[in-house]
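The block underneath contains the structure these notes are about, expressed in structure tokens.
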Amino acid sequence: MIVLSDIKLGNKILVTSALPYVNNVPHLGNLIGSVLSADAFARFMRINGKEVLFVLGTDEHGTTTEVRAMEEGLTPKELVDKYFVIHKNIYDWFETSYDCLGRTSSEANAKITIDIFNDLYKNGFIIENTITQLYSEKSKKFLSDRFVEGECPFCHALGARGDQCDSCGKLLEPNELINPVSKIDGTKPILKETKHLYIDLPKIEPDLMKWYNTTKSKWSNVAVGITEHWLKQGLKERCITRDLEWGIKVPLEGWDNKVFYSWFDAPIGYIGITIESIGDEWKNWWMNQDVTLYQFMGKDNVPFHAIMFPAFLIGTKKDYKLVNYLASTDYLNYEDKKFSKSKNIGVFGNDAKETGICADVWRYYLFRVRPETGDTQFVWDDFGSKVNNELVGNFGNFINRVVSLDEKFFELKKPKGSKKELIESVKPLIEEYKNLFTEARIRDALIKANEISALGNKYLQDKQPWITIKTDEALAAATIAECIDFSKLLAVIYYPFVPKGSEKIWQMLGEKENIVNVGINGAFSGVREETKLTKVGILFEKLEQKSIEEFKQKFSGERK
RNA sequence: AGCGGGGUAGGGCAGCCUGGAGUGCCCGUCGGGCUCAUAACCCGAAGGUCGGUGGUUCAAAUCCACUCCCCGCUACCA
């Protein structure tokens, strides 16, 4: 079936990955949902001839950071500095090709957040409310958010947090809880008056709806589902300030003991990080309607990107770029369980490196089971079988066959006579591959790449150059030449998934020009005749059953 | 209870939004081919009343209604 895409792309593609919360090590589920997906997508758009800006960073404000810092005996600043390095190392190890990497706690982000706030304020979308809030007399501070636990007023589940009941998913205000208890000191908090700022979402809603209705058709199913669930319930004013110290100070007189709620400055962080990285150029991306904006995230992040962030920007009445394609994923579970830091279940970003399995292989499997249409599982046996059969057996082996044949019969020189019939025949599949990527269906695009690669193996099998070499050398030469050209195309289409492997092939083919500059279109031109190939060894190692068993044990959480 | 995900060949999945012959992917089983290749590659076969009932339709795995099961979460976690 031909996959059609109705997405019209401009020449500039802006890509964001949800900003991982800084005070924890991200696990494979976090990575595939946001960072890696955004990376494969950004890489694809580059080889597709687009100008790309890929924005990545860390979300550093909020209550959790304060609590965590307290636990580790650090200041919030020290804590986020420490974890930022950990995050950066993980992204780098996974070959993340970000153009901008930054932090929501930067100066630049504080400035743009305040700018946006001032616009909202000026346009009458900010409301001041005095509310009675829970206050701990023992700790002498207001208890916002997750500092308080109690019974949910809607579903009456116990252990609901102050900002949200995980039981029924409803968003709460902390003072709505029944029988609240302070999580800091265990005391029963008292009610005390405090004032807060709210964003008037109902007032913005009409414009938001207008925009949403023109955009949603391009979003992932889960994103549309979640967004409409929210809209159906009707938007309410939403508090955007907190009684905390760690955060961006509210720029109004008499408000200097309040900071913005981290969910206010976190999405704005995409812009802040861009400014932090490329300065004034940021306007070419975030205030340019010719840009196409793709945002990648896990499904839990959808409301903030589909409703909150667009509402903030619409409320400024300025020409900010709103998301075109909201690419959200479901969850990747671990061997039928959930990833859990405290139970030590699952593979976390820093563990991946220590397995000795290379980043490409991790990337391959994660993209292969990317949760595009429902939750999926990371299963070690499946990891082994998909890597060994698909990545190694199909793609890696094809490349290896070609080099070996060429070495054996033509001393590693590319022979003459490629008819480009294989590469031509595959053009419709390449179009499908491109369309899938354009719709952010990364897993399906990878499956399509595998399909294309398998045709290479079939071609070799059908043409049997190792036999025809004995009777018709020109024919064998043409076959191998054809396969060398095909390798070039494969290197390009696999580049979003396994960049290191692709670059190895590139080196093998003696290509001088950068793989991104050549791109998909350029790859059809093939390899110059007489080119001397360079042997680069095996592209991807197989996973041994024995090590799979070991890893299964090691990450099951049962060992200690 | 609430929220979320799911029930498609022996196992694991995609296909469902946008209805058009059960179409496909990985493993497994059986048979064959090939021997260039990382015990890899290629071809073929067996194996499915697409959880159930009812409806809409010329046509339903796909849309609608009802129903039966399974799983996850509700303690940091996406």
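All values below were derived from every heavy atom in this structure, side-chain atoms included, with hydrogens, water molecules and symmetry-related copies excluded. We name chains A, B, ... by the order of the sequence lines, and we start the count at 1 in each one.
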**OP:** Give one of base, sugar-phosphate or nothing for A:I447, where a contact means two heavy atoms less than 4.0 Å apart.
**Re:** nothing
Original post:
Is any side-chain nitrogen or oxygen of A:N397 closer than 4.0 Å to OP1 or OP2 of B:rU38?
Top reply: no
**OP:** Hey, which sits more toward the 5' end of RNA chain B by its nearest nucleotide, A:K386 or A:N400?
**Re:** A:K386
Subject >> Proximal nucleotide (of B:rC26, B:rC36, B:rG15) relative to the A:S385 side chain >> reply: B:rC26
Original post:
What nucleic acid atoms does A:Y21 come within less than 4.0 Å of, heavy atoms only: base, sugar-phosphate, or nothing?
Top reply: nothing
Original post:
What does A:I467 touch in the nucleic acid at a heavy-atom separation under 4.0 angstrom: a base, only the sugar-phosphate, or nothing?
Top reply: sugar-phosphate
Subject >> A:H27 vs B:rC77: side-chain N/O to OP1/OP2 distance below 4.0 Å >> reply: no
Subject >> A:E473 atom CD, over 12 foreign heavy atoms within 6.0 Å >> reply: no
**OP:** Could you check whether A:N457 gets within reach of a base, just the sugar-phosphate, or nothing at all, counting any heavy atom under 4.0 Å?
**Re:** sugar-phosphate
Subject >> Nearest listed nucleotide, side chain of A:K458, among B:rC25, B:rC36, B:rC43 >> reply: B:rC43
Original post:
Taking only side-chain nitrogens and oxygens of A:Q377, does any of them come within less than 4.0 Å of OP1 or OP2 of B:rC13?
Top reply: yes
Subject >> Residue pair A:S37 / A:R370, side-chain donor-acceptor N/O under 3.5 Å >> reply: yes
**OP:** Using a cut-off of strictly less than 4.0 Å, decide whether A:K542 has a side-chain nitrogen or oxygen near OP1 or OP2 of B:rA40.
**Re:** yes
Original post:
For the side chain of A:D330, counting heavy atoms from C-beta on, which of B:rA14, B:rG5, B:rC41 is nearest?
Top reply: B:rG5
Subject >> Under-4.0 Å side-chain N/O to phosphate OP1/OP2 contact, A:N389 with B:rC27 >> reply: yes
Subject >> Sidechain-backbone polar pair: A:D360 side chain, A:G501 backbone, donor-acceptor under 3.5 Å >> reply: yes
